Protein chains: 2
Amino acid sequence: MKKAGACDLKTCFLCQFSIPEWIAAVSDHKQHLFYKKNEVIFQEGNPVEGIFFLYEGKVKVHKQWGSDKDLIVRFAQKGDILGHRGLGSGERLYTVSATALEDTTVCYTDMAFFEASLKVNPTLTLKLMQFYADELQEAERKMRNLVHMDVKSRLADALLEISRLHNDTLFTISRQDLASFAGTTYETIYRNLQEFIQEKLIAVDGKSIRILNEKKLRKYVLSCPGLD
Amino acid sequence: MKKAGACDLKTCFLCQFSIPEWIAAVSDHKQHLFYKKNEVIFQEGNPVEGIFFLYEGKVKVHKQWGSDKDLIVRFAQKGDILGHRGLGSGERLYTVSATALEDTTVCYTDMAFFEASLKVNPTLTLKLMQFYADELQEAERKMRNLVHMDVKSRLADALLEISRLHNDTLFTISRQDLASFAGTTYETIYRNLQEFIQEKLIAVDGKSIRILNEKKLRKYVLSCPGLD
DNA sequence: GTTTTAATATGATTTAGATCATATTTTTGT
DNA sequence: ACAAAAATATGATCTAAATCATATTAAAAC
């Protein structure tokens with residue numbers, strides 16, 4: 001991690017929903033930080049120190065299991081918040097890790113200042129609350145998928161989600177991360193990707209994946225009597 | 001559902017964190033509702049109409065899958081909020097169902113009034129936000145458990161969680177609900193309960209379960225290199 | 001109070017997907 | 001540029017847990 005100067009005071013969640021009078025204070029407390037690819041931004045189990053707003057780059061938010069297993073709960077990108085789970089009422093430890101998937105710039109403020117900001121800016125609190133509501137819904141949807149959908153459908157869902165995130169049918173991701181995101185193993189992902197390739201729903205070249213037939217892919221997700 | 005008069009204006013989340021001047025307005029908008037055992041309080045997919053505060057009884061919050069499968073994402077009890085997922089930015093549809101597990105009294109207000117309350121009472125918003133943060137952490141923890149723990153460990157976790165909720169080592173729950181909560185099938189729960197009985201970690205009499213050896217049960221949950 | 005319906009009990013069978021094993025290719029650190 | 005580490009490829013094997021099948025019992029409904 002390297003410090004990377006001040007921020008523009010208008011892009012991030014904190015600046016966007018703070019009252020104009022508060023921006024000066026924000027300016028004093030915020031700083032840009034730079035993380036290079038694969039660098040850990042914060043680690044599950046460590047004390048919560050601050051909150052991060054993603055400016056540039058992509059980050060995976062994941063829970064680790066032992067030394068070699070992992071579950072990616074979310075991918076974050078420009079505009080997203082990281083470290084907000086630390087605001088709960090429990091122990092102040094990060095319950096997830098965040099790792100940069102590419103070179104990443106974040107805007108950072110310590111938790112004390114962020115909490116002061118919440119007190120001063122009701123709109124900020126309200127927006128953050130809505131953000132949580134959305135994340136919770138998504139987490140519960142994924143929980144249900146893990147229990148009731150087979151791996152192929154979950155992989156289809158994961159591919160569509162990642163594509164949506166990149167706002168592009170072409171994107172790059174490691175099989176390992178794909179496995180951790182779909183809640184399965186590398187080998188199973190490998191095999192199911194092969195099947196999707198055969199069925200001409202996707203095309204793969206190295207680490208990059210292109211979605212060729214979104215409609216059919218979506219059918220896999222919906223093929224079950226569930227709603228969505 | 002039956003209407004059941006006015007509320008005491010101090011027990012629920014909404015009253016507790018609203019400024020005194022707002023309580024009169026709350027009084028005009030809140031009402032007690034009564035649901036009997038197995039009655040549906042709200043249903044996944046239906047438009048969000050309001051928010052509920054549990055006064056008495058126990059409720060399961062669940063996502064359905066087809067007509068016969070189910071995942072219980074949470075049990076709610078006295079003091080808990082229901083229907084808050086409706087505050088997200090997406091479509092205003094309930095993303096979960098809520099069903100009374102016993103005769104239940106809730107305090108209800110329509111969403112428009114609750115949202116007005118949030119605007120007027122920053123503390124309320126802040127507390128709700130914290131509540132969400134906790135729920136999100138728990139949801140993600142369960143996600144990880146579903147992916148990385150075997151059924152027996154998840155059952156142990158479920159039993160401990162339900163016991164904690166009841167604040168008692170003795171509680172009553174159907175095998176089916178236990179299965180839906182642990183993310184597995186009735187048969188698998190049945191078998192694993194047998195094993196726990198054999199190991200003298202629990203005792204079962206009809207639908208009631210007593211935890212005999214919390215420590216060993218907890219070991220099952222922690223037996224893996226994960227943290228918690 | 002009897003008919004339906006739902007929950008429980010339990011063995012037998014099947015299968016999706018994890019694990020293991022090993023070779024090859026790609027990345028990354030120095 | 002080269003060694004070490006990580007990611008990928010792919011077949012073979014194993015197993016936890018789902019599914020199926022069928023009694024039995026308990027709870028609701030009429």
Side-chain angles (χ1 to χ4, degrees), chain A residues 35-40 60 65-72 99-103 145-156 158 172-198 202 204-209 220 223-224, chain B residues 36-40 60 65-72 99-103 145-156 158 172-198 202 204-209 220 223-225:
Chain A
Y35 295 86
K36 53 182 192 300
K37 188 172 172 176
N38 293 325
E39 209 176 338
V40 172
K60 63 175 169 185
W65 185 251
S67 53
D68 58 341
K69 287 181 184 177
D70 207 5
L71 174 71
I72 295 177
T99 305
L101 291 172
E102 29 182 271
D103 290 356
N145 291 358
L146 282 169
V147 172
H148 293 307
M149 288 186 2
D150 62 15
V151 168
K152 200 166 181 185
S153 305
R154 296 207 309 268
L155 174 56
T172 293
I173 187 171
S174 81
R175 310 291 140 98
Q176 197 50 256
D177 280 346
L178 211 40
S180 299
F181 189 49
T184 182
T185 57
Y186 167 79
E187 292 93 325
T188 301
I189 285 295
Y190 167 76
R191 288 178 237 281
N192 284 93
L193 278 181
Q194 294 303 319
E195 291 188 41
F196 279 146
I197 294 167
Q198 235 90 85
I202 61 169
V204 165
D205 175 24
K207 284 194 186 9
S208 60
I209 296 176
Y220 269 102
S223 68
C224 319
Chain B
K36 56 180 190 303
K37 188 174 171 174
N38 293 325
E39 209 176 339
V40 172
K60 65 174 169 184
W65 184 250
S67 53
D68 58 341
K69 286 181 184 177
D70 207 5
L71 174 72
I72 296 177
T99 305
L101 291 173
E102 29 184 90
D103 291 356
N145 291 358
L146 283 168
V147 172
H148 293 307
M149 288 188 358
D150 62 14
V151 169
K152 201 166 180 185
S153 304
R154 295 205 311 266
L155 174 56
T172 293
I173 187 172
S174 81
R175 311 291 140 99
Q176 197 48 256
D177 280 346
L178 211 41
S180 299
F181 189 49
T184 181
T185 58
Y186 166 81
E187 292 93 325
T188 301
I189 285 294
Y190 167 76
R191 287 180 238 280
N192 284 93
L193 278 180
Q194 293 303 319
E195 292 189 42
F196 280 145
I197 294 168
Q198 234 92 85
I202 61 170
V204 166
D205 174 24
K207 282 195 189 7
S208 60
I209 297 176
Y220 269 102
S223 68
C224 319

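Here is the naming used below: chain letters follow the sequence lines, and residue numbers restart at 1 for every chain. Predicted model only: the values in this text are computed from it and were never measured.
Nucleic acid contact for K69(A): sugar-phosphate only, since backbone atoms but no base atoms lie under 4.0 Å from a heavy atom of the residue.
Using a 4.0 Å cut-off, some side-chain N or O of T185(B) falls inside it from OP1 or OP2 of dA18(D). OP1 or OP2 of dA17(D) has not a single side-chain nitrogen or oxygen of T188(B) nearer than 4.0 Å.
Side-chain proximity of Y186(B) to dT10(C), dA17(D), dA28(D): nearest is dT10(C). Side-chain proximity of Y190(B) to the nucleotides dA9(C), dA9(D), dA17(D) is greatest for dA9(C). Among the nucleotides dA18(D), dA7(C), dT10(D), the one closest to any side-chain atom of K207(B) is dA7(C). Which of dG11(C), dA17(D), dA21(C) sits closest to the side chain of E187(A) comes down to dA21(C). Comparing dT8(D), dT8(C), dT28(C) by their nearest atom to the side chain of N38(A) picks out dT28(C). With dT28(C), dA17(D), dT8(D) as the candidates, the nucleotide lying closest to the side chain of S174(A) is dT8(D).
Remark: K60(B) fails to qualify as a cation-pi partner of F181(B) under the 6.0 Å distance and 45° angle criteria applied to the six-membered ring.
In terms of position along DNA chain D, the nucleotide closest to Q194(A) lies nearer the 5' end than the nucleotide closest to the other residue of the pair Q194(A) and R154(B). Summary of the strand contacts: N192(B) and R175(A) both lie near DNA chain D, and taking for each the nucleotide with the nearest heavy atom, the more 5' one is attributed to R175(A).
Rounded to whole angstrom, the span from the CD atom of Q198(A) across to the P atom of dT10(D) amounts to 11 Å. Atom CZ of R191(A) is separated from atom C1' of dA16(C) by 11 Å (rounded to the nearest Å). Rounded to an integer number of Å, the gap from I173(B) CD1 to dA7(C) C1' is 14 Å. Rounded to whole angstrom, the span from the CG atom of D70(A) across to the P atom of dA18(C) amounts to 15 Å. Distance, D177(A) CG to dA6(D) C1': 12 Å, rounded to whole Å.
A side-chain donor from one of S153(A) and D150(A) sits under 3.5 Å from a side-chain acceptor of the other.
Not a single donor-acceptor pair under 3.5 Å links the side chain of T188(B) to the backbone N or O of T184(B).
Looking at every heavy atom in both residues, R154(A) comes nearest to M149(A) through NH1-O, 3.0 Å. Across K207(A) and R175(A), no two heavy atoms sit closer than the pair CA-NH2, 4.2 Å.
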